[in-house]
Every structure is written in structure tokens, then in C-alpha cells.
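Order of appearance sets the numbers: ligands from 1, and atoms from 1 within every ligand.
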Amino acid sequence: MQKGADQPIVMSGIRPTGFLHLGNYFGALKNYVRMQDEFTCYFMVADLHALTTLTETKELKANVSRVLAENIACGLDPDKVALYCQSHVYETNELYLILNMLAYVGELEKTVTFKEKVKLHPQNVNAGLLTYPVLQAADILLHRATLVPVGKDQEQHLEMTRNFSNRFNHRYGDVFPEAHAFNYGDELLKVPSLDGAGKMSKSENQYATIYLSDSDELILNKVKKAKTDSGTDPAAPMSESIVNLFNLMKLVCAPDVIKHYEDTYQSGTIRYGDLKKQLGEDMVKFISPIREKAESIRNDAKYLKEIMEKGAEKARKSAQATMLLVRDAIGLNYY
Ligand code: TYM
């Protein structure tokens, strides 16, 4: 499909707060790669968002390089998309400030991700954390994007983005289209963790998360230790940990392999050890080429700098055009 002026605009981002994992890949990156051939795309490393939880920034540069390298290793082409760093697009800050006037403290306090972070870091409940969804809305609205490829955990942030943009349009005039969370599948994804509790995550649950940088041995080991259950009574409802394992298989295993294990589950002859061995091996097959490619890109500082500069230039062009409309609509134009 030819990318054109009337094509939907795509925007998304990933925080450089740790190593990327299978959840980031299947929830977000896999969609980015497919969308880059169909739409005008803006993808960024959300370094300003990372500051809401980081109390020190020694690792920030290495983490930003890693996220950029992993984005490219997963198949993003910096010539086809704008791949940039959030802090390089200064217009983000201005739109964030303006949108803050359209966000109510009560609704921000009710945001699920805010409440989770308060529990996790009770000593660092800062105002940036509270207004996290406003900054995310600024990222999206800055490009007047309508499609936002993200995992299930970001659904509420997208709903809030629509609330802020609708309020803006209502108060000042139509500037922003409605943005929606997007996935090529039927629904937004939540890739489960291997311990059967919660989801894969960059910073928590490290032994139950498979990272794109994990060695083959580590992947096999993590999967081997994944939680199963003791019973193989096919008449009983499948336990959550086994449902999770089958869901993980659907991401990396061939359909006939999955069918084989579904059949053995049904007949009560399944051996979870075999299933986990197969799952581990298929994860290794999937991850090892990405890991190796990312490793070589990550150490090429000159190439990464070029990409960031090129990406920021493209993103700022689009951001500046939007900010002209925003200032005009508000009446911040006195001469
Ligand atoms: P972040 O960095 O937590 O995650 C990056 C992307 O990965 C998805 N994801 C998952 N998907 C499925 N299963 C999982 N276990 C899983 N874990 C993470 C996330 O949904 C996300 O798509 N707030 C965003 C970053 C952001 C952003 C934006 C996103 C900043 N500005 C503008 C979209 C548009 C975040 O923290 O993602």
C-alpha cells in the first residue's frame, strides 16, 4: 500500500527502563514492523517517561541505545519510519503543559498504572508520575496519530488520550483526531509471565520474563522452571499456568506442534517437561537472531547517533506543524 497524506498516522513508544522482552515484541514491536510498510509511523524511546521512576540516570544512555538497537534488530527500518528519542522533540513539553490544563487530578489519581506505581515506589510518588498519561497523550497527539500499537496494559492511557483530545477540540476547536490502541490480531495482547502470575515485565519478575537479550541457555532454563500443575485430568478446567504456557506456545511454536500438545493434554498423556523443552527451543530459535543483531547495532555509536538525529528531524517537522495548529486554536498568536 502506498503511504499517502490521507493515510492514518501511527505513533508508539517504549520506555528505556530495562531489557526488552517477549511482551514488548508481541504487544508492540511486531505490529510496528508490519505497520511501517503501510502507514506514516513515529516510534520513539520514551526517555522522559522513564524519569518518572528512575532516581538515577547512569544507565540511561546504555538503555536508550539498547532499545533503539532492539527496535532495529526486530525489523524496524529507520529509513521507513521516524525512530527517535522523546527528549529530542522539545515540542512534546509544550503540548504536555497545555494538555495538563485539560486533565483532572481526580481522573489521574484513578489511573491503574499510577496506583500500581504508588504501591511499588511509595517513596517516590512525584507529580510526573501522576501526569504520566498526559505526557503520553502529548506524544501521540503531537503527530495527530490515530493508530497506537500497544499491549493491553496501555488501553486506559489511550482512553485518557481520547478524553484529553476531545476536551481540547471542544474547548478550542477541532485539531486532534481520535487515537486508538491497535493490534493486528483480534485483541490487544498481554504476554503472561512464566510463573503464572501477571505479565512479562522489564523491571519486575525477571526470572519469569524472557528478554530479547537472554542467552540460549538462560531461555531454556527459565522455560524449564516455568510453573505447571500436577494434574493431567482433561475433564478439569485447564489451570492458569498451563493456559499461559499454551498462550506462549502460540507466539513462537508451529501450529502442528501446538496441536500435538493440545491433543496429548486432551487425552491425559501430556508431559509438561516435553512441552517446556519444545517451547524453550522454539523461543531460542526466535530470539537468538534478534539478540545477535541487536548486539552488533548497540555498539555502533556512530550509526545510532545518525539514526536519532534523522528520526528527531522527521518527528520535529510533524510536531511543529501540529503546534502551529494548537497555538492558533488556543489563541496563543499575538502578531
Ligand atoms: P512500556 O515501555 O512499558 O512497554 C512498551 C510496549 O510493550 C507493551 N508491553 C506488553 N505487551 C504485551 N504483554 C506484555 N507483557 C507487555 N509488556 C509491555 C506495552 O503495552 C507497550 O506497548 N507508556 C508506554 C510508553 C509510551 C507510549 C507513548 C506508548 C510513552 N509514550 C505513546 C504509546 C504511545 C510504556 O510504558 O510502555
Side-chain angles (χ1 to χ4, degrees), residues 9-32 35 41-54 63-64 66-68 70-71 74 76 82 84-87 89 92-93 95-96 99 111-114 116-117 120 128-129 131-162 164-165 179-185 187-195 197-206 208-212 244 247-248 250-251 315 319:
I9 292 176
V10 177
M11 194 280 143
S12 196
I14 300 182
R15 278 171 308 149
T17 46
F19 294 65
L20 298 198
H21 50 75
L22 284 182
N24 299 130
Y25 181 83
F26 288 103
L29 278 161
K30 186 175 178 201
N31 295 287
Y32 296 6
M35 292 174 107
C41 295
Y42 297 88
F43 297 124
M44 58 90 179
V45 185
D47 54 348
L48 296 174
H49 272 109
L51 296 182
T52 59
T53 52
L54 295 182
N63 278 339
V64 168
R66 180 189 299 282
V67 175
L68 282 173
E70 286 178 333
N71 269 273
C74 287
L76 263 199
Y84 62 100
C85 214
Q86 187 182 30
S87 64
V89 180
T92 310
N93 308 321
L95 188 55
Y96 169 53
L99 294 176
T111 314
V112 173
T113 49
F114 174 68
E116 282 170 1
K117 295 272 164 52
L120 219 58
L129 205 57
T131 55
Y132 184 115
V134 187
L135 181 56
Q136 181 159 346
D139 296 329
I140 297 165
L141 299 177
L142 207 48
H143 302 295
R144 281 167 285 155
T146 53
L147 300 180
V148 185
V150 283
K152 180 113 185 103
D153 60 314
Q154 298 296 311
E155 206 168 22
Q156 191 182 25
H157 289 172
L158 263 295
E159 195 186 315
M160 295 174 84
T161 299
R162 288 192 293 280
F164 305 148
S165 63
H180 290 271
F182 179 85
N183 183 296
Y184 275 105
E187 49 185 29
L188 298 178
L189 268 190
K190 171 185 155 185
V191 176
S193 60
L194 291 166
D195 59 5
K199 61 184 173 82
M200 291 201 183
S201 151
K202 279 193 234 108
S203 45
E204 301 139 40
N205 246 351
Q206 301 204 349
T209 295
I210 303 282
Y211 296 97
L212 301 180
N244 282 351
N247 281 339
L248 288 169
K250 284 183 196 137
L251 302 176

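Using a 4.5 Å heavy-atom threshold, the side chains of Val10 and Val148 count as separate. Considering only heavy atoms from C-beta on, Met11 stays 4.5 Å or farther from Phe43 through its side chain. Contact annotation: the side chain of Lys199 never approaches that of Pro192 to less than 4.5 Å [non-hydrogen atoms, C-beta and beyond]. No side-chain heavy atom of Arg15 sits less than 4.5 Å from a side-chain heavy atom of Thr52. Contact of the Ile14 side chain with the Leu29 side chain is registered, since non-hydrogen atoms from C-beta on lie closer than 4.5 Å.
An N or O contact shorter than 3.5 Å is missing between Gln86 and ligand 1 by distance. Here's the thing with Asp139: one of its N/O atoms is less than 3.5 angstrom from an N/O atom of ligand 1. Residue Lys199 has no nitrogen or oxygen atom sitting less than 3.5 Å from a nitrogen or oxygen atom of ligand 1, judged on distance alone. Checked by distance only, ligand 1 and Gly151 come closer than 3.5 Å through their nitrogen or oxygen atoms.
Taking every heavy atom of Met11 and a limit of under 4.0 angstrom, the matching atoms of ligand 1 come to 32 (C), 34 (C). Taking every non-hydrogen atom of His49 and a distance limit under 4.0 Å, the qualifying atoms of ligand 1 come out as 30 (C), 31 (N). Every atom of ligand 1 is numbered from 1 in the order shown, and the set under 4.0 Å from a heavy atom of Ile140 is 32 (C), 34 (C). Listed by number with element, the atoms of ligand 1 under 4.0 Å from a non-hydrogen atom of Lys190 are 12 (C), 13 (N). Using a 4.0 Å cut-off to heavy atoms of Gly27, the atoms of ligand 1 that qualify are 11 (N), 12 (C). Each of the following atoms of ligand 1 lies closer than 4.0 Å to a heavy atom of Val148: 33 (C), 34 (C). Shown in contact with Met200 at under 4.0 Å from a heavy atom are these atoms of ligand 1, numbered in order with element: 15 (N), 17 (N).
In Phe26, neither the side chain nor the backbone holds a heavy atom less than 4.0 Å from any atom of ligand 1. For Leu135, no heavy-atom contact with ligand 1 is shorter than 4.0 Å. At a heavy-atom cutoff of 4.0 Å, ligand 1 is contacted by no atom of Thr17, backbone or side chain. Here Ala46 has side-chain heavy atoms under 4.0 Å from ligand 1, and that is the only part of it that gets that close. Residue contacts with ligand 1 for His21 involve side-chain atoms from C-beta outward but no N, CA, C or O (heavy atoms, distance under 4.0 Å).
In terms of protein heavy-atom proximity, atom 3 (O) of ligand 1 is closest to Arg15 NH2, 2.8 Å. Nearest protein neighbour of atom 12 (C) of ligand 1, counting heavy atoms only, is Leu189 O, 3.2 Å. The protein heavy-atom contact nearest to atom 2 (O) of ligand 1 is Lys202 NZ, 2.6 Å. For atom 19 (C) of ligand 1, the closest non-hydrogen atom of the protein is Asp153 OD1, 3.4 Å. Among all non-hydrogen protein atoms, the one lying nearest atom 11 (N) of ligand 1 is Gly23 O, 3.1 Å. At the shortest separation from atom 13 (N) of ligand 1 among protein heavy atoms lies Val191 N, 2.7 Å. Atom 26 (C) of ligand 1 has as its closest protein heavy atom Gly13 O, 3.7 Å. With hydrogens left out, the protein atom closest to atom 5 (C) of ligand 1 is Asn24 ND2, 3.4 Å, a heavy atom.
Under the 4.0 Å criterion applied to side-chain N and carboxylate O atoms, Glu159 and Arg162 are not assigned as salt-bridge partners.
Comparing heavy-atom distances from atom 22 (O) of ligand 1 across Asn183, Thr209, Val150 singles out Val150 as nearest.
In terms of modelled atom types and a separation under 3.5 Å, the side chain of Gln136 and the main chain of Thr161 share no donor-acceptor contact. With Thr209 contributing its side chain and Gln206 its backbone, the two residues share no donor-acceptor pair below 3.5 Å.
Under the 3.5 Å distance criterion, with hydrogens and angles disregarded, no donor-acceptor pair is assigned to the side chains of Tyr132 and Thr113. Residues Tyr42 and Ser12 bring no donor and acceptor atom of their side chains to less than 3.5 Å of each other.
Between Leu189 atom CG and Leu22 atom CG the span is 11.5 Å, to the nearest 0.5 Å. Atoms CG and CG, on Leu147 and Asn31 in that order, are 10.5 Å from each other to the nearest 0.5 Å. The CG atom of Asn63 lies 11.0 Å from the CG atom of Leu68; values are rounded to the nearest 0.5 Å.
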### Task
Under the side chain to side chain donor-acceptor pair (under 3.5 Å) rule, what do Gln86 and His49 come out as? Steps first, then yes or no, please.
CA-CA 9 Å; Gln86 187 182 30; His49 272 109; 3.1 Å; yes
### Task
Please lay out, stage by stage, how Leu20 and Tyr211 fare under the test side-chain contact (heavy atoms from CB on, under 4.5 Å).
CA-CA 6 Å; Leu20 298 198; Tyr211 296 97; over 6 Å; no
